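The structure appears below as C-alpha cells.
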Amino acid sequence: MGGLEVTLGGDAGQLPVPNQGGQILPIGLGADHSEGHDTGLLRRRRELGGPVPALHQQTVDRSFPHHRQRGGIGGVPSGGNPVGRGRQDQGEHHTSIVGRRRCGEPRRKPSADRYNRTLMHRVRFAPSPTGYLHIGSARTFIFNWLFARKNNGTTILRIDDTDAGRNTDASLRSIYDGLNWLDLAWDEHYRQSERLELHGKLAWAIFDKGLAYRDFTPAHSGDDTPDERKGAWLFNPGMPDMPRAESDRRAAAGEPFVLRFRSPRGTGHTIRFTDGVYGEQAKQADDVEDFALLRSNGMPTYHMASCADDADLRITSIIRGQDHLSNTFKHVLIFDALGASAPEFAHLPLLIAPDGAKLSKRKHGPVVSVLTYRDAGFLPHTYVNFLCLLGWSPKNDREVMTRDELVAAFSLAGVNRANAVVNFTDADPVDPKAVWLNSQHLRAWPLAELAPLVRQTLESKGLEADADEAAFARKIDVLRSRYATLEDFAAKGRPYFSDIVEMEPEALAKLDVPGARELLRELSPKLAALPEYTEQTVEAEVRALAAGRGVKAGVIINGARAALTGQHAGPSAFAVFACVGRDRAVRRLAGV
RNA sequence: GGCGCUAUCGUCUAAGGGUUAGGACAAGGCCCUCUCAAGGCUUAAAUACGGGUUCGAAUCCCGUUAGCGCUACCA
C-alpha cells in the first residue's frame with residue numbers, strides 16, 4: 001500500500017479522556033471483519049452479488065425496511081400516494097427490541113446470539129476539534145445518545161481530527177467539557193488520528209480496485225469568485241484517464257498527488273439510500289464529482305476517514321446534521337467500493353440563527369457554544385431537554401420531560417425536516433424558552449442533586465453556602481420557586497448567602513411607608529428575644545406588633561422583606577426571615 | 001451556475017384529505033395574594049405565492065419565490 005505517509009498525531013492521547021461512563025477502548029481497529037461480526041445486512045449485501053463489480057451497472061437499493069419510510073411501501077411511488085411528504089410509521093417500533101415482535105405476539109426472550117446479531121445498534125458522534133463544542137453538535141450528540149438508549153445500542157465518541165492544521169487542544173477540551181457537562185455517557189472512544197493506517201489501507205484498496213486514481217493537478221482552492229466558476233461545476237476535474245503506468249511512474253518520482261474517487265459518471269447509475277428523516281434519496285452519479293480520498297500529504301479526507309471508520313467500527317446508524325445529506329451520496333459510493341454494508345442514515349435539520357443564517361461564532365457570538373448555557377446557570381438536563389425540542393417533537397404536546405421520558409419518547413419519526421431557529425438576541429444570548437424550561441426543571445429537580453450545583457455556583461461567586469445541608473436545602477427550596485437559573489442564586493440570592501444587601505429603589509419605597517422603619521426597628525429586639533426563631537414564631541410576633549400598633553401587617557411584612565433583602569420582590573416574608581437567619585435579620589432590621 | 005433539502009402564529013411545534021388549524025415560549029388582560037414569581041383562566045397571533053387533483057387540500061402533484069446545504073487536498 002505504498003504512497004501513504006502515516007503521521008500519527010503528535011499529541012495523540014495526551015489529553016485526558018474524560019471520566020465518562022464507558023470503558024475506554026484501546027485505539028485501533030475497533031472491530032474486526034471476521035464472520036462472527038457479520039450482520040444480516042452485510043450478508044444481504046454480499047448476496048446482492050458483490051458490491052464492487054455491481055456498482056456501475058446496477059442501482060443498489062439501500063432501503064432499510066425496518067426503518068421509517070415516508071410514503072408508499074418500500075418508498076415506491078404509487079399513484080395516489082407518492083413519496084413526497086407522506087409520513088408513515090411505526091418507525092422506532094421496528095428498530096427496538098420490543099418492536100421486533102409482531103403485535104400480540106408474546107415476548108420472546110432473545111438468546112444472546114440473537115441479541116448480538118439483530119439488536120446491536122451502534123451510533124457515533126464525530127466532532128472535529130476545530131472549535132468549541134457547538135450547540136448543533138451537542139444536539140447531534142444528544143439525538144445519537146437518545147437513539148442508542150432507546151434501542152439498547154452503543155454510543156461511540158469519535159474525534160474526527162484528520163485535519164492536523166486546524167485541530168487545537170483547547171477545542172478538544174471544550175468538546176469534552178461540554179459533553180461532560182451534559183452528563184450523557186458514551187461507551188467507546190476513538191480518535192481518527194490514531195487510525196490513519198486503516199484509512200490509508202482502505203483508500204488504497206479502493207485504488208487497487210480501479211475505483212480511484214491519482215490526480216497530480218495542483219491544489220485548487222474553493223474560494224474562487226462566483227463568476228470564475230461559471231459553467232464549470234467541477235473545481236477539480238482530476239486526471240481520471242491517466243494510464244496506470246504513467247501514474248505509477250510519476251508517483252514513484254515523488255510528484256505529489258491526491259487520490260480521487262472515480263465517480264461512476266456516464267453510466268446512468270443512480271445512487272440511492274433511505275434517510276431515516278428525509279426519506280428516499282436519489283442522485284444521478286453524473287452529478288457527483290471525483291472527490292478526494294487522500295490528500296497530497298497522505299492524510300485521509302473527511303469522507304475517506306469517516307467511512308473507513310464507520311465501516312470498521314461497525315456503525316449501524318449514522319445520525320448527523322443535514323449538512324451531510326448531500327455528502328451521503330459520496331459515502332454510499334465509498335461503502336460500496338469498500339464492499340462494506342452501508343449503515344442506515346438519518347439526517348437532522350440544522351439549527352440556525354434568527355436571521356436565517358447558520359450559527360457561527362463570528363456572526364452570532366457565544367450563543368453557539370454549549371458552555372455559554374452552562375455558564376449562564378442552566379441545569380445540564382434543561383439543555384438536553386431544550387435541544388431535543390429543536391427539530392423533534394414527541395407529538396403529544398409534552399415539553400418538560402425527564403431524561404427517562406425523553407428516552408422513552410424518542411423516535412426518528414418525530415424528527416422534523418425544516419431547520420430550527422434558536423431564538424436569541426444581541427441583548428440576550430439565551431433562548432427564552434430554555435430559560436422557562438430551566439425554571440420548570442429547577443422547581444422539580446431533587447434537592448439532593450440541586451444542592452451541590454447551587455453550592456458550586458455560590459462558591460464560585462464568593463458567597464457562603466450554608467454548611468448545614470438541611471438548612472441549605474430548605475433555602476434552595478424556598479428560593480427556587482421564583483428563580484430561573486442557578487446564577488439567580490448568586491445574583492438575586494446574594495442577601496441570603498452573604499452580608500451584602502443592596503437596596504433597590506422599590507425596596508426603599510416599602511421602607512418609606514410612614515411608620516415602617518420605626519416598627520421594623522422595634523421588631524428587631526423582639527426577634528432577638530424570641531425563645532425559638534421559626535417562621536411561625538416570627539409571624540406571630542409580627543402580627544402581634546401590627547395589631548398592637550393598629551397598623552396593617554402588610555406594612556411590616558413588606559417592609560421586612562425590603563429590609564432583609566434589599567428587594568421588593570421575593571418569597572413570603574416569613575420564609576425570608578427563616579432563610580436569612582436570626583442574626584442577619586435582627587441586624588438588618590435594626591439598621592433600617 | 002449545478003445538485004440536494006426545506007417552507008404552519010415572532011420562536012419551537014401538532015394536525016398523514018374533513019378540526020372553530022391545537023399546544024408551548026414570549027407579549028397583553030383577569031383571578032389568586034403580604035411583595036414578586038409560580039399557578040389558574042383568557043386575548044392577540046400562522047398554513048409563503050400561483051396553479052392543479054378531489055365533493056373536500058395546511059396535508060397529494062406541478063410551478064414560482066425564499067431560505068439552507070453540498071459543489072475544497074474543511075469537517
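Below, read A as the first sequence line, B as the second, and so on, with proteins coming before strands; counting in each chain starts at 1. All values below were derived from every heavy atom in this structure, side-chain atoms included, with hydrogens, water molecules and symmetry-related copies excluded. All values derive from a computational prediction rather than experimental measurement.
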Looking at every strand, decide which applies to [X] at a 4.0 Å heavy-atom threshold: base, sugar-phosphate, or nothing.
X       : result
E506(A) : nothing
G165(A) : nothing
K552(A) : nothing
R260(A) : sugar-phosphate
V421(A) : sugar-phosphate
H347(A) : nothing
T162(A) : sugar-phosphate
D323(A) : sugar-phosphate

Does a side-chain N or O of [X] approach OP1 or OP2 of [N] to a distance below 4.0 Å, or not?
X       : N       : answer
Q281(A) : rC5(B)  : yes
S326(A) : rC5(B)  : no
N327(A) : rG4(B)  : no
K395(A) : rU13(B) : no

Can the ring centres of Y496(A) and F489(A) be said to be less than 6.0 Å apart?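 So the answer is no for these two rings.
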Per-nt protein contacts along nucleotides 40-46 of chain B (heavy atom under 4.0 Å; B base, S backbone sugar-phosphate only, - none) come out as -------
Whether each nucleotide of nucleotides 18-39 of chain B has a protein heavy atom under 4.0 Å at its base (B), only at its sugar-phosphate (S) or at neither (-) is summarised, 5' to 3', as ----BBBS--------BBBBSS
Any L442(A) side-chain heavy atom under 4.5 Å of T485(A) side chain: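 No - every pair of side-chain heavy atoms lies 4.5 Å or more apart.
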Taking the side chain as every heavy atom from C-beta outward, state whether I135(A) and Y383(A) have any pair of such atoms under 4.5 Å apart.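 Side-chain contact under 4.5 Å: yes.
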Rounded distance (nearest 0.5 Å) linking atom NE2 of H199(A) with atom OH of Y302(A):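 H199(A) NE2 to Y302(A) OH: 12.0 Å, rounded to 0.5 Å.
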Between [N] and [M], how far apart are the two [atom1] atoms, rounded to whole Å?
N       : M       : atom1 : result
rC30(B) : rA66(B) : C1'   : 41 Å
rU20(B) : rG63(B) : C1'   : 32 Å
rC61(B) : rG2(B)  : C1'   : 25 Å
rU47(B) : rG29(B) : C1'   : 28 Å
rA58(B) : rA27(B) : P     : 32 Å
rC9(B)  : rC5(B)  : C1'   : 24 Å

Could K330(A) and E289(A) be called an ion pair, given the rule that one side-chain N must be under 4.0 Å from one carboxylate O?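 Looking at E289(A) together with K330(A), the answer is yes, because their closest N to O distance falls below 4.0 Å.
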So does D161(A) pair up with R166(A), basic N to acidic O under 4.0 Å?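 So D161(A) does not pair with R166(A) through a salt bridge.
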Figure out the CG/C1' separation between D428(A) and rU11(B), and round it to whole Å.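 After rounding, the gap between these two atoms is 13 Å.
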Against the six-membered ring of F257(A), is R250(A) placed for a cation-pi contact (under 6.0 Å from the centre, within 45° of the normal)?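 Here R250(A) fails the 6.0 Å and 45° test against F257(A).
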